[in-house]
Amino acid sequence: MQITNDIIFEYLSEGVVVLDMSGKIVSCNPAACDITGYTEGDLMGKPFHALGNGEGDLFQYQYERDQALQHKKLVVESWKVHQNGTRFWCETSYAPIFTQEEHTGFCVVLRDISERKQIQIELLESEERYRLMVEAVKDYSIFMLDPQGHIITWSDGGGLIQGYAESEVLGKHFSIFYTATDLIDKKPDRELEIARQTGAYREEGWRVKKGGSLFWASVVLTALFNNQNKLIGYSKVTMDLTRRLQNEESLRQSEARYRSLVEQVGDYGIFMLDTKGRICSWNEGAKRIKGYTAQEVIGKYFSIFYPEEDILSGKPARELRIARATGKYEEEGWRLRKDGSRFWANIVITAVYDTERLLTGFSKVTRDLTERKLAEQGLQERSNEYRQLVQELMTTNNALSAVNHELEEFTAIVSHDLKEPVRSVKSYLYLIEQQIAQQKYELIGSSVLKSIKGTQRMQDLIDNLLQYSQVSKTDLKREKLDLDDVVAEALLNLDDAIRKSGAQISKDMTTQGLFGDRVQLAQMFQNLLANALKFTNGKTPEVSIRSWPESDVLRIVVTDNGIGIAEQHLEKVFGVFKKLHFASKYPGTGMGLAICKKVVERHNGKIWAESSPGQGTSFHIMIPTNEPTKI
């Protein structure tokens with residue numbers, strides 16, 4: 001047996017769904033139903049984000065599709081919701097689908113990785129215990145000064161090295177750590193000035209602890225400037241070299257971290273992480289966006305801003321690995337505020353290196369894009385509404401233009417053809433008047449008879465016009481029809497004409513089912529069959545009716561052995577009052593085929609004729625079956 005793509009799709013052990021451009025599911029395999037718990041019928045037309053977890057996931061899934069289209073592939077791990085309401089951990093692989101170089105949707109592979117994730121969670125818990133143990137080690141004192149030298153931040157290292165608690169030093173001038181000799185010499189002010197002029201001040205010297213004891217310290221005082229080159233403060237790093245617990249490299253690492261910090265930016269959350277991902281600085285923008293004060297977050301692992309599923313998937317650590325490997329990590333995604341509410345954020349994590357290209361930590365910049373995303377979504381929805389409205393207006397306008405053109409043509413034809421019997425009747429009435437005046441009474445009867453025939457023709461024309469207009473005005477009553485029944489109804493209406501002509505009617509209808517209006521379709525067949533019986537030039541009529549399916553349409557062909565139609569007249573015969581022969585030889589109003597064309601067009605189909613003089617005519621009709629398409 002040949003293995004086809006359909007067989008592979010059917011028996012693939014991994015769930016596969018196909019999404020259209022808007023993110024709706026248009027196809028799936030049995031494995032996708034097994035993983036999600038939904039039936040194929042439940043999944044068809046369902047927005048893919050409905051399988052996710054959490055209000056507002058439309059943002060997340062739209063972003064994932066955009067990333068997949070940009071990078072040709074995207075693999076994410078997240079919670080999904082089973083049909084019974086339980087959650088399971090799922091690995092989702094997106095791949096864009098292109099048809100003739102045009103993007104048409106996405107192929108998404110689903111894998112239930114709940115067991116593997118449980119193992120990862122246990123490993124993360126073990127790593128968290130190790131991280132908390134490492135965080136307890138405090139090797140140096142790092143704090144920030146305002147431009148005048150007052151202490152505005154404090155670290156646990158400061159408490160260990162200098163002996164002060166945070167509440168005891170915040171707001172105090174940093175000169176409290178200097179000896180009396182240095183104070184008399186105004187050494188603290190001089191260091192600030194040197195740092196402001198040169199960017200940094202470095203030295204080793206005596207400093208004073210809380211109890212008054214001295215320790216030999218390595219000090220780095222760094223001036224911090226904003227992007228307008230305005231001094232905004234200083235960072236001060238102090239190491240107790242008495243114990244030699246830290247070397248000069250650690251001092252350079254601390255200096256590099258603080259030099260990248262811009263404390264006063266309010267629209268962006270900007271803070272620093274050490275090499276392990278622990279928060280070591282905090283600015284006003286971060287406080288405004290996330291709701292935490294510096295005291296609440298400094299020293300904590302930055303995963304506190306991430307949703308549960310991101311933490312369980314190891315996303316924070318993965319971002320640091322990518323930033324370390326490539327220099328920068330950037331994305332958009334959900335983040336958490338202090339109160340537990342979510343916001344849509346743009347994230348940039350940049351690896352920070354010293355002059356010898358050794359990693360000293362990471363800078364992290366966060367922007368709250370929630371309002372912008374909501375505005376973009378609203379704008380997109382309005383744009384879609386306007387686009388749909390424009391499309392509807394264009395369709396309506398085209399339809400009105402077609403109707404107007406048809407009406408103009410119809411009016412011109414009707415005006416011409418209705419005037420002809422009126423002129424004829426008028427002429428015979430004048431003739432009768434003259435015959436009476438001349439007392440030629442024996443001629444009046446003939447003129448009256450011709451006038452009657454003229455009025456009868458005008459009545460026939462009016463009746464056919466009413467019949468034609470009713471085809472357009474009457475609502476279609478669509479129902480499931482058997483083609484053989486419709487044809488039988490038309491044959492019954494023409495039974496007398498068929499018997500008198502001795503016509504031979506044959507049928508070969510491979511497919512008979514279609515949706516349509518029984519009355520109008522029977523009228524169409526009746527007109528086609530009536531023409532086949534009429535235009536024979538004395539031969540016994542032979543008519544065949546055939547039908548077969550072609551894709552999603554039903555083709556019907558009615559063929560006769562009549563006089564045929566010249567090629568230049570094949571389209572003309574479908575016009576209103578279009579006759580190719582004199583009424584004396586082939587009586588009629590020329591409305592039959594016009595009515596057939598109107599019936600077919602109202603069923604969203606098309607009709608045309610194929611013929612040559614003396615060889616009969618085949619009328620081809622294509623009508624959509626309107627049967628539901630199977631995926």
Side-chain angles (χ1 to χ4, degrees), residues 6 26-27 44 395 398-399 402 406 467-468 470-495 498 503-535 541-562 564-565 570-575 591-612 615-631:
D6 289 341
V26 298
S27 182
M44 293 303 99
T395 301
N398 292 336
E406 182 179 338
Q467 186 179 23
Y468 181 79
Q470 287 300 315
V471 172
S472 299
K473 290 170 58 179
T474 305
D475 292 335
L476 284 180
K477 297 179 180 179
R478 290 182 177 272
E479 57 181 320
K480 182 69 175 180
L481 300 175
D482 188 302
L483 188 60
D484 193 47
D485 291 343
V486 177
V487 173
E489 184 175 333
L491 292 173
L492 181 62
N493 294 337
L494 296 171
D495 182 64
I498 293 173
Q504 298 177 8
I505 312 294
S506 63
K507 295 185 291 183
D508 180 14
M509 292 179 284
T510 305
T511 299
Q512 300 184 13
L514 79 159
F515 284 86
D517 187 297
R518 173 185 291 274
V519 174
Q520 292 195 8
L521 291 174
Q523 185 179 18
M524 177 193 73
F525 280 110
Q526 183 173 329
N527 286 331
L528 292 175
L529 292 170
N531 279 354
L533 299 178
K534 182 194 302 184
F535 297 100
E542 296 179 3
V543 184
S544 70
I545 304 172
R546 296 174 292 146
S547 70
W548 64 88
E550 288 187 5
S551 185
D552 57 349
V553 299
L554 177 65
R555 173 174 284 210
I556 303 168
V557 180
V558 179
T559 303
D560 62 48
N561 66 336
I565 304 170
L570 288 177
E571 292 187 11
K572 179 180 178 182
V573 295
F574 292 102
M591 291 291 291
L593 291 179
I595 292 174
C596 291
K597 184 172 185 292
K598 180 63 68 176
V599 169
V600 173
E601 288 177 346
R602 292 206 69 197
H603 284 77
N604 299 319
K606 60 181 180 178
I607 182 172
W608 71 93
E610 295 179 359
S611 179
S612 58
Q615 302 299 317
T617 304
S618 294
F619 290 94
H620 295 255
I621 303 156
M622 304 285 275
I623 297 181
T625 60
N626 292 336
E627 294 177 348
T629 302
K630 296 182 179 179
I631 297 178

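Just so it is clear, the structure is predicted and the values come from calculations on it, not from any experiment.
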- Message: For Met622 versus Val600, what's the shortest heavy-atom pair and its separation?
- Response: O-CG1, 4.4 Å

- Note on the structure: Distance col, row Ile607:CD1 vs Phe619:CZ, nearest 0.5 angstrom, shows 7.0 Å

- Message: Is there a side-chain contact between Leu554 and Ser547 in this structure, where contact means two heavy atoms from C-beta onward sitting under 4.5 Å apart?
- Response: yes

- Query: Where is the tightest heavy-atom contact between Ala490 and Leu529, given as atom of each residue plus distance?
  - Reply: CB-CD1, 4.3 Å

- Correct closest heavy-atom pair for Gln526 and Leu494 would be O-CD1, 3.5 Å

- Give the C-alpha distance, both sets of side-chain angles, the deciding distance and a yes or no for side-chain contact (heavy atoms from CB on, under 4.5 Å) between Val557 and Trp548. CA-CA 9 Å; Val557 180; Trp548 64 88; 3.6 Å; yes

- To the nearest 0.5 angstrom, please state how far the CG atom of Leu491 sits from the CD1 atom of Ile505. 6.0 Å

- Message: Strictly distance-based, threshold 3.5 Å: is any side-chain N or O of Ser611 a donor or acceptor partner for the main-chain N or O of Ile565?
- Response: yes

- Item | Leu593 CG to Glu571 CD distance, which is reported to the nearest 0.5 Å | 13.0 Å

- Scanning both residues in full, the closest heavy-atom pair of Trp608 with Arg555 reads CH2-NH2, 3.6 Å

- So CD of Glu479 and CZ of Arg518: to nearest 0.5 Å the spacing works out to 5.5 Å

- Task: State the NE2-CG distance between His603 and Leu521, to the nearest 0.5 angstrom.
- Result: 4.0 Å

- Sequence neighbours excluded, which residues qualify as salt bridge (Lys or Arg N to Asp or Glu O under 4.0 Å) partners of Lys606? none

- Kindly indicate whether the side chain of Asp517, heavy atoms from C-beta on, has any atom under 4.5 Å from the side chain of Arg602. no

- Work out which heavy atom in Gln520 is nearest to a heavy atom in Val599; give both atom names and the distance. O-CG1, 3.5 Å

- Message: For Ala503 versus Leu533, what's the shortest heavy-atom pair and its separation?
- Response: CB-CD2, 3.4 Å

- What is the distance from atom CZ of Phe515 to atom CG of Asn604, rounded to the nearest 0.5 Å? 14.0 Å

- Message: Can you confirm whether Leu528 sits close enough to Ile545 that some side-chain heavy atom of one is under 4.5 Å from a side-chain heavy atom of the other?
- Response: no

- Message: Counting C-beta onward and ignoring hydrogens, is there a side-chain heavy-atom pair between Met524 and Val486 closer than 4.5 Å?
- Response: no

- Query: Is it true that a side-chain atom of Asp560 and a backbone atom of Val543 form a donor plus acceptor pair closer than 3.5 Å?
  - Reply: no

